[in-house]
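None of these values were measured; they are calculated from a predicted model.
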Amino acid sequence: PQYNFGTFAYTMNGSSGNPAVISNCKSSVYIDPSSSYSYDMAGIVYVANSYGDVYNCLNSGTIYNGKYGSCSGITSRVGGGSRVYQCKNSGGIRATDGSYGNHAAGIAYSVNASGQIFDCYNTGTVRGGDGSTGSSAVGSNGGNAAGIAVINAGTVTRYLFIKLYI
């Protein structure tokens with residue numbers, strides 16, 4: 001079976017002027033579907049698809065992904081018009097298989113051109129499917145790991161990333 005997973009919501013779709021909102025959430029979930037063909041995993045919401053605001057949320061849980069897909073502490077993707085802000089990840093994030101370009105990020109692995117991440121921070125250990133560590137705030141390609149976002153076409157500003165090596 002194939003799965004996408006977020007602790008509090010599967011997807012968020014709002015509209016300009018009326019965003020879908022998830023706020024003040026805390027997750028300490030343990031996700032390890034490594035034996036299945038799962039896709040994207042996230043600590044708070046699977047995807048802030050369009051005009052979704054995710055703010056003041058914390059993930060302290062451990063999140064691994066399965067054979068396909070990526071994993072993130074807060075949301076897998078920040079879509080058009082969506083914002084992730086004042087969020088923190090302190091949990092361990094690990095993509096388990098680099099042969100499919102699996103990403104791992106403390107906050108979100110993908111940010112759309114009109115998506116935004118700001119005032120967020122990551123103190124958790126992040127490890128990409130290719131074995132790379134989240135040694136930078138923003139990464140750029142398949143299999144990479146980043147403390148905040150791996151693929152960024154949008155805006156990532158005012159963040160704190162603390163490198164942790166294990």
Side-chain angles (χ1 to χ4, degrees), residues 4-27 29 31 39-61 63 65 69-95 101-129 132-164:
N4 294 305
F5 183 82
T7 303
F8 294 101
Y10 176 74
T11 188
M12 297 175 66
N13 289 299
S15 60
S16 180
N18 189 25
V21 176
I22 291 181
S23 64
N24 303 310
C25 293
K26 294 181 181 179
S27 173
V29 68
I31 303 172
Y39 285 99
D40 302 329
M41 302 290 157
I44 302 297
V45 61
Y46 159 59
V47 60
N49 199 39
S50 68
Y51 297 101
D53 281 358
V54 181
Y55 69 93
N56 197 33
C57 293
L58 164 69
N59 174 61
S60 60
I63 301 174
N65 73 330
S70 301
C71 51
S72 304
I74 303 299
T75 183
S76 62
R77 289 179 240 153
V78 181
S82 293
R83 304 179 304 170
V84 175
Y85 57 100
Q86 298 173 355
C87 292
K88 174 187 178 186
N89 175 65
S90 62
I93 310 296
R94 187 179 79 200
N102 298 358
H103 308 290
I107 303 299
Y109 86 79
S110 176
V111 185
N112 179 282
S114 61
Q116 299 177 50
I117 296 176
F118 57 94
D119 295 338
C120 292
Y121 66 104
N122 176 63
T123 58
T125 300
V126 180
R127 188 169 301 277
S132 61
T133 60
S135 58
S136 64
V138 179
S140 63
N141 58 33
N144 278 350
I148 304 297
V150 176
I151 301 171
N152 178 41
T155 304
V156 177
T157 58
R158 297 188 317 256
Y159 56 83
L160 173 63
F161 172 62
I162 299 171
K163 294 181 188 180
L164 297 178

Starting at [atom1] of [X], measure out to [atom2] of [Y] and round the result to the nearest 0.5 Å.
X      : Y     : atom1 : atom2 : value
Asp119 : Lys88 : CG    : NZ    : 15.0 Å
Asn49  : Ser76 : CG    : OG    : 9.5 Å
Met41  : Ser70 : CE    : OG    : 10.5 Å
Asp53  : Ile22 : CG    : CD1   : 10.5 Å

Quick one: are [X] and [Y] in side-chain contact, heavy atoms under 4.5 Å?
X      : Y     : value
Asn59  : Ile93 : yes
Cys120 : Ile74 : no
Arg77  : Tyr46 : yes

Applying side-chain contact (heavy atoms from CB on, under 4.5 Å), run through Val84 and Ile44 and close with a yes or a no. CA-CA 11 Å; Val84 175; Ile44 302 297; over 6 Å; no
[X] side chain to [Y] backbone, donor-acceptor under 3.5 Å:
X     : Y     : value
Ser82 : Tyr51 : yes
Ser23 : Tyr55 : no
Ser50 : Gly80 : no

[X] and [Y]: which non-hydrogen atoms are nearest, and at how many Å?
X      : Y      : answer
Met12  : Gly52  : CE-CA, 3.8 Å
Val126 : Gly106 : CG2-N, 3.9 Å
Ala48  : Val54  : CB-CG2, 4.4 Å
Ser27  : Val29  : OG-CG1, 3.2 Å

Passes side-chain contact (heavy atoms from CB on, under 4.5 Å), Leu58 versus Ser90? Steps please. CA-CA 8 Å; Leu58 164 69; Ser90 62; 4.1 Å; yes
